[in-house]
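Single-structure report; data block below.
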Protein chains: 2
Amino acid sequence: MAKAKRTLKWQRDPEGMRLRILEAAKQEFSAHGLAGARVDRIAAKAGANKRMLYYHVGNKDELYLAVLEGAYDKIRSEERGLDLEHLDPPEAIRRLIEFTWNYFLRNPEFLSLLQTENLARAKHLKRSAKVKSMHSPFVEMIRTVVRRGVASGDFQVAVDPVQLYISIAALCFFYLSNSATLSVIFGRDLLAKDAKDERLAHMVGLVLAALTGQSAALFEIAKTSKSRTAVAQTV
Amino acid sequence: MAKAKRTLKWQRDPEGMRLRILEAAKQEFSAHGLAGARVDRIAAKAGANKRMLYYHVGNKDELYLAVLEGAYDKIRSEERGLDLEHLDPPEAIRRLIEFTWNYFLRNPEFLSLLQTENLARAKHLKRSAKVKSMHSPFVEMIRTVVRRGVASGDFQVAVDPVQLYISIAALCFFYLSNSATLSVIFGRDLLAKDAKDERLAHMVGLVLAALTGQSAALFEIAKTSKSRTAVAQTV
DNA sequence: ACAGTATTTATCCAACGGGTTAATTTCTTC
DNA sequence: GAAGAAATTAACCCGTTGGATAAATACTGT
């Protein structure tokens, strides 16, 4: 009678559940910030029950921190694969800019999470032993590139690698994270394909020109290599 | 008997009240974001009753929008006083960078408000007729400076003024708005006096070097003119 | 003085939201 | 195949919070 294998009322999958919860939480936190995020929505999005969040991860704050750590983990590991050492210095810088730009484009939630955490003055991040220990040997990679560039005569200045990294991140990050208000202010759609190409060209031109002292030439190269839209025509 | 002027139980001051409410709201929203802000705290901070917010401004959202519009209003009006037209082009750019940097330093709530609004993808700002109409003739000011710089031979490239403005804002904004997480990551206090001086020098050097093509010279000038801390020593 | 209006205070409440408790179902292992 | 552990569900709890109602107090004109 009860011979046929009864259909299960639910599946068991702790690993998968935890991942789905973190993924759903990432979306929710990046879309609504910490205070705006709703625990119930995260549960629903993860195809789970609210209780599960507490069972598998912890309370809202722990969940948020876990998401944040995951996000840092991901970008750091991709960065490690960049390996700028064997490119000639200007090309290395160009690749760094393009990587950063594309990473931000591909991972908009990362930008939102950082914004949210900065609004909280990094209150949560400070408590994270994990993130503090994973701050990358990336700065050393950049330092090496700059040194080599100066030695080879490609670069005019031995700029501080941290300043340079912050500047590159700034140029990419701000444009994207603030594109909504900037688009309203300037009455342009800054996320249109053309606009994004133009921006990348501008950033590469700006940074390389500053380092090499070849403004005109480099802005020109940047312009033509990546897009046909004018970077500098609107004068 | 009831002759002596009875002490008033409360003062009447609609204008002042409205201002106090907006100021309190600005602090609350910038400190906690839209969702995190508490209407009761705003009321308390304004030395008022919660009901007053609704009487004088409207509900939470309208209050938020009013604060945002006020913030834009303020920076736009200060910008108008900049008047870069009669400076020689490189000096004009330097002044623009310094103004932007100092404005952000003096008005950290402005940064927070913009971050908050961008997390909301400018949902509220889009509904604001006021802000859309006040988007400044600032771009034209910059365009003129760039034109003059190219004509005089100071600048090598006729860069798009909007890109330039966004880049300058980016360099200043990101450093400050993300200083909390960056400080944790890099293990430096980026808001220390020295660090801020170093940053300003770096930004001026970067942008002017790119425009003029005089990297080494300009980084050097930027370094020595504003601080004795090295911009480019850490190689 | 008196009426009418503008401003402020004092309560109240329904919905929401994070977190908990307790019961149910699946897996493991002996 | 029974017991115990792990995973999942369902239902409830209770402080918070945005917003509303109604009453009190000050101002204005007549």
Side-chain angles (χ1 to χ4, degrees), chain A residues 1-29 31-67 116 120 123-124, chain B residues 1-29 31-67 116 120 123-124:
Chain A
M1 194 140 338
K3 179 133 160 278
K5 179 122 201 305
R6 185 170 50 82
T7 60
L8 297 180
K9 289 184 79 169
W10 36 267
Q11 306 289 334
R12 247 192 171 193
D13 180 14
E15 321 285 315
M17 179 56 87
R18 191 187 151 86
L19 288 182
R20 280 185 347 255
I21 289 173
L22 286 176
E23 178 59 31
K26 181 166 77 178
Q27 304 204 352
E28 178 72 9
F29 283 126
H32 303 283
L34 178 49
R38 294 294 164 255
V39 177
D40 285 300
R41 277 201 299 254
I42 295 176
K45 227 172 295 183
N49 186 298
K50 183 167 54 165
R51 180 67 183 78
M52 304 291 279
L53 311 190
Y54 296 91
Y55 183 77
H56 285 285
V57 185
N59 63 19
K60 196 183 182 185
D61 271 10
E62 295 176 61
L63 189 52
Y64 169 76
L65 184 55
V67 166
T116 296
K123 181 169 59 171
H124 314 84
Chain B
M1 193 143 335
K3 178 130 161 280
K5 179 118 201 306
R6 186 168 50 80
T7 60
L8 297 179
K9 289 185 80 172
W10 35 267
Q11 306 288 332
R12 248 189 172 196
D13 180 14
E15 321 284 316
M17 178 57 88
R18 192 186 150 86
L19 288 181
R20 276 179 358 249
I21 288 173
L22 287 175
E23 177 59 31
K26 181 166 80 178
Q27 305 205 349
E28 178 72 9
F29 283 125
H32 303 283
L34 178 49
R38 292 295 163 253
V39 177
D40 285 301
R41 276 201 300 254
I42 296 176
K45 229 173 291 184
N49 187 298
K50 185 167 50 166
R51 178 68 183 82
M52 304 291 280
L53 311 190
Y54 296 92
Y55 183 78
H56 284 285
V57 186
N59 62 19
K60 195 183 181 183
D61 271 10
E62 294 176 61
L63 190 52
Y64 169 75
L65 183 56
V67 166
T116 296
K123 181 169 59 172
H124 313 85

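Chain letters run A, B, ... following the sequence lines, proteins first and then strands; every chain starts at 1.
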Atom-to-atom span, [atom1] of [X] to [atom2] of [N] - whole angstrom:
{"X": "B:Tyr54", "N": "C:dA10", "atom1": "OH", "atom2": "P", "answer": "18 Å"}
{"X": "A:Tyr55", "N": "D:dA10", "atom1": "OH", "atom2": "C1'", "answer": "17 Å"}
{"X": "A:Met17", "N": "C:dT25", "atom1": "CE", "atom2": "C1'", "answer": "14 Å"}
{"X": "B:Lys60", "N": "D:dG18", "atom1": "NZ", "atom2": "P", "answer": "5 Å"}
{"X": "A:Asp40", "N": "D:dT9", "atom1": "CG", "atom2": "C1'", "answer": "14 Å"}
{"X": "A:Asp61", "N": "C:dG18", "atom1": "CG", "atom2": "P", "answer": "11 Å"}
{"X": "B:Gln11", "N": "D:dA24", "atom1": "CD", "atom2": "C1'", "answer": "16 Å"}
{"X": "A:Ile42", "N": "C:dC16", "atom1": "CD1", "atom2": "C1'", "answer": "16 Å"}

B:Arg38 or A:Pro14, whichever maps to the more 5' nucleotide of DNA chain D: A:Pro14
side-chain N/O B:His56 vs C:dA6 OP1/OP2, d < 4.0 Å: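 No.
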Evaluate B:His32 against B:Arg38 for side chain to side chain contact (heavy atoms under 4.5 Å, CB included), listing each step before the verdict. CA-CA 8 Å; B:His32 303 283; B:Arg38 292 295 163 253; over 6 Å; no
At under 4.0 Å between heavy atoms, what does A:Ala37 touch on the DNA or RNA strands: base, sugar-phosphate, or nothing?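 Sugar-phosphate contact only - A:Ala37 comes under 4.0 Å of backbone atoms but never of a base.
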Short of 4.0 Å, heavy atom to strand atom, which residues of residues 46-53 of chain A count as contacting DNA chain D?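 Output list: A:Asn49, A:Arg51, A:Met52.
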Are the charged groups of B:Lys26 and B:Glu23 less than 4.0 angstrom apart, N to O? yes
If you look at every heavy atom in B:Phe29 and B:Tyr64, which pair is closest and at what distance?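 So the two residues come closest at CE1-CA, 3.6 Å.
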Take B:Asn49 and B:Tyr55, measure what side chain to side chain contact (heavy atoms under 4.5 Å, CB included) needs, and give me the verdict at the end. CA-CA 10 Å; B:Asn49 187 298; B:Tyr55 183 78; over 6 Å; no
Sorted by chain and number, sequence neighbours left out, side chain to side chain contact (heavy atoms under 4.5 Å, CB included) with B:Lys45 holds for B:Ala24, B:Gln27, B:Glu28
With sequence neighbours left out, write down each residue that passes side chain to side chain contact (heavy atoms under 4.5 Å, CB included) with A:Tyr54, or none if nothing qualifies.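 Scan of A:Tyr54 (side chain to side chain contact (heavy atoms under 4.5 Å, CB included), adjacent residues dropped) gives A:Val39, A:Lys50, A:Arg51, A:Asn59.
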Identified side-chain contact (heavy atoms from CB on, under 4.5 Å) partner of B:Val67 from the options B:Ile21, B:Leu22, B:Val57, B:Leu34: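 It is B:Leu22, the one option of B:Ile21, B:Leu22, B:Val57, B:Leu34 that forms the side-chain contact (heavy atoms from CB on, under 4.5 Å) with B:Val67.
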